[in-house]
Amino acid sequence: MFLFIFFIPYLNLAQKISPIIPTPQKYNEIEGFISIEKFVFFNDDDIPENISQFFSYELNKHYNILKKEDKVIPTILFIKKSLSDDSTAINLPKDFYSISVNDHIEVKYTSDASCFYAVNSLLQLIEGETGKWFIKKCQVIDSPKFQWRGLHLDVSRHFFSVDEIKKFIQLMSYYKFNTFHWHLTDDQGWRIEIKKYPELTKIGAYRDSTIEGHYSKKPRSYTIEKYGGFYTQDEIKEVVSYAQSRYINIVPEIEMPGHSRSALAAYPQFSCNGLKKPVPGLWGIFEDIYCSKEESILFIQDILKEVIDLFPFEYIHIGGDEAPKKRWNSCSSCQKVIIDNDLENEEELQSYFIKRMDDFLMKKGKKLIGWDEILEGGLSANATVMSWRGDKGGKEAASQGHYVVMSPNTHCYFDYYQSSHFSEPLAIGGYLPLEKVYNFNPIPKGMNEIDAKYILGGQANIWTEYITSIDQVEYMAYPRSLALIQNLWCNIKPSFDDFLYVYLNKHQEYLNKHDVNYSNSIHIPKLNISRKKKWY
Ligand code: ACM
Ligand code: ZN
């Protein structure tokens, strides 16, 4: 047997494509460059103070460029424009900005967020070396395609500090993501302080053991060590405020009725059988879930009350996934709720449960979003669906006139392996290489235009059963997040080869500058292996 191995080259391109990721809607390069060397002056009275501070900080830290204070002609001139531009009578898209680099740099922006996007694009246009920085003369015209550009992080299975979360958010914002889905509660740990129910964090935030290796490996073994942590409400406020300064909305997730073992370890009276069980150190799906009796519903609504006060974004995620109905089936309280409310079965009971939360959130001026299982038994009137089991749930919800965020496990589960190389750290399974993420389209194939209007955007999820440190989170998230944002931002996205060229030639260095532990799996050569009977 003979093996013929061909290495597929990917570095043979030298096209003038935008160095900015996500690729702007328009990028035109012209002859020449403007030197910015050691000093710039920009009119910071005309941009929000947090953006001015961010811009000065980034220029100084990564390029050693200082903002000059004297009132000379600005190197960079910022101009705020209204969405309906009087001079052209053209309505500009939401969060539109433009950058014109010629003898000086002119940035026009239409919202605070778009000013921030423009500044991040500008930073990505800088080339050269210390003391000899320059920007090529060019024109950038840009605005986002989708309004929901998200990354999710599970802090229950493994916990990450406030500083680590801030770094995660910061990285998102460099690449124009705008939604951080903070998965704050799950079976293996409750991570948010709730003042009315202190045992949620005193008991629910800690487990006594954690399974070792993959959970499918038998016999199972455990590290016997207390593991956990939680965010105080002051810390949550600090993260929310930080995210706001980076134009990132935070969607908190409070899981129900399933994935609730950590809460029930602290308050077993809100389960069906009232039995006290510990916070589990094993991954998977558990049969013990919240009971649907009134006391449990009021308990959760009390929790949501505090959550609502902490998070200004309009959406609250209530989970809704993977809730086995076995306990409800044999619980007299749950069966009574079914009878009293004229429900058919336990699926309709779940729908009733979610509807109670939907009504509660609506009254508080919030919107409910949940995983696609909330379709089962009938979707609640105002619910938005996060489609994770492929695109089926998203299609169904959109056809019913509900908003949808697409996060299919086929293209958006960043806890999956990104190469088949043996050096990859242990992961849950699956296979999601960079190119597959690049081929994701939030609008499912064959969806009609009317339904497509209900697709708010997309999101990747980072479940952390097998991800134990923030370095590993970054390894799983980058560069795949860059491939993802291309699908959420660009109307016309370049070819994968062009994207790869820009990534390898520009953004690896950029990620190095920002101390990101990105994966190098893309450098593992693709092997094209064939067997020939005769090779001579
Ligand atoms: C999920 O992955 N269980 C939403
Ligand atoms: Zn019950």
Side-chain angles (χ1 to χ4, degrees), residues 150-157 181-188 215 251 253-261 263-264 267-275 283-300 317-341 343 345-346 348-350 352-354 356 369-376 384-394 397 404-416 427-430 432 458-467 476:
L151 288 181
H152 149 290
L153 183 64
D154 165 11
V155 297
S156 172
R157 277 54 178 266
H181 175 166
W182 205 356
H183 186 81
L184 285 163
T185 73
D186 213 302
D187 296 305
Q188 296 81 6
Y215 88 135
V251 189
E253 181 178 354
I254 305 296
E255 273 272 22
M256 65 188 81
H259 288 295
S260 47
R261 278 279 304 267
L264 296 175
Y267 296 94
Q269 62 270 39
F270 301 118
S271 69
C272 284
N273 57 23
L275 294 178
W283 319 131
I285 297 172
F286 297 91
E287 283 167 353
D288 291 293
I289 66 173
Y290 289 117
C291 182
S292 62
K293 64 189 172 195
E294 196 61 19
E295 299 90 302
S296 302
I297 286 184
L298 296 177
F299 166 71
I300 297 168
H317 202 299
I318 52 76
D321 59 322
E322 300 176 324
K325 307 297 183 301
K326 188 172 168 184
R327 296 282 183 258
W328 285 6
N329 204 279
S330 57
C331 167
S332 57
S333 305
C334 285
Q335 293 305 313
K336 186 168 182 318
V337 180
I338 289 182
I339 292 164
D340 289 352
N341 292 280
L343 306 172
N345 50 32
E346 284 73 22
E348 286 198 7
L349 182 55
Q350 160 138 335
Y352 162 88
F353 189 107
I354 302 297
R356 292 292 305 274
I369 183 166
W371 300 110
D372 57 50
E373 284 92 333
I374 65 172
L375 278 151
E376 293 160 11
T384 294
V385 169
M386 192 167 265
S387 188
W388 74 277
R389 295 175 298 177
D391 57 17
K392 191 168 160 282
V404 170
V405 174
M406 293 303 300
S407 190
N409 51 4
T410 49
H411 291 78
C412 295
Y413 267 45
F414 285 3
D415 55 339
Y416 287 9
I428 195 160
L432 184 57
Q459 174 180 296
N461 300 328
I462 305 177
W463 302 101
T464 59
E465 286 94 335
Y466 301 95
I467 300 177
M476 300 305 267

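Hydrogens, waters and symmetry mates are skipped; everything else that's a heavy atom, side chains included, is used. In each ligand, atom 1 is the first atom listed, and ligand 1 is the first ligand listed.
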Next on the checklist: Just to verify, what does Phe270 make a ring pair (Phe, Tyr, Trp, His ring centres under 6.0 Å) with, not counting sequence neighbours?
Outcome noted: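 So Phe270 forms a ring pair (Phe, Tyr, Trp, His ring centres under 6.0 Å) with Phe299.
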Next on the checklist: Once you measure the plane-to-plane angle for His181 and His152, does it fall in the parallel (<30°), tilted (30-60°) or perpendicular (>60°) bin?
Outcome noted: perpendicular
Checklist outcome for this item: Taking 2.8 Å as the strict upper bound, the Zn ion (ligand 2) has protein N, O or S neighbours numbering 4
Item to check | Approximate separation, where rounding is to 0.5 Å, of Ile374 CD1 and Ile318 CD1 | outcome: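 One gets 5.0 Å once the value is rounded to the nearest 0.5 Å.
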Next on the checklist: Would you say Asp288 and Ser271 are linked by a side-chain donor-acceptor pair, where the criterion is simply a distance under 3.5 Å?
Outcome noted: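 Per modelled atom types, Ser271 and Asp288 side chains form no pair under 3.5 Å.
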Next on the checklist: If the condition is side chain to side chain donor-acceptor pair (under 3.5 Å), which residues does Tyr352 pass it with, not counting sequence neighbours?
Outcome noted: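 Expected list: Arg356.
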Next on the checklist: Ring centres under 6.0 Å, that's the criterion: do Trp371 and His183 meet it?
Outcome noted: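 No - the distance between ring centres of Trp371 and His183 does not fall below the 6.0 Å cut-off.
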Item to check | Pocket residues of ligand 1, ordered first by chain and then by residue number (heavy-atom cut-off under 4.0 Å) | outcome: Asp321, Glu322, Trp371, Trp388, Tyr413, Trp463
Next on the checklist: With ring pair (Phe, Tyr, Trp, His ring centres under 6.0 Å) as the criterion, how do His317 and Trp182 come out once you've worked through the C-alpha distance, each side chain's angles and the decisive distance to 0.1 Å?
Outcome noted: CA-CA 9 Å; His317 202 299; Trp182 205 356; over 10 Å; no
Next on the checklist: What I'd like to find out is whether the side chain of Cys334 reaches to under 4.5 Å of the side chain of Cys291, using heavy atoms alone.
Outcome noted: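 Yes, side chains in contact.
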Checklist entry - Does Lys392 come within less than 4.0 Å of Asp372, counting only side-chain N to carboxylate O? => result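 Judged by the 4.0 Å cut-off on N to carboxylate O distance, Lys392 and Asp372 do not form a salt bridge.
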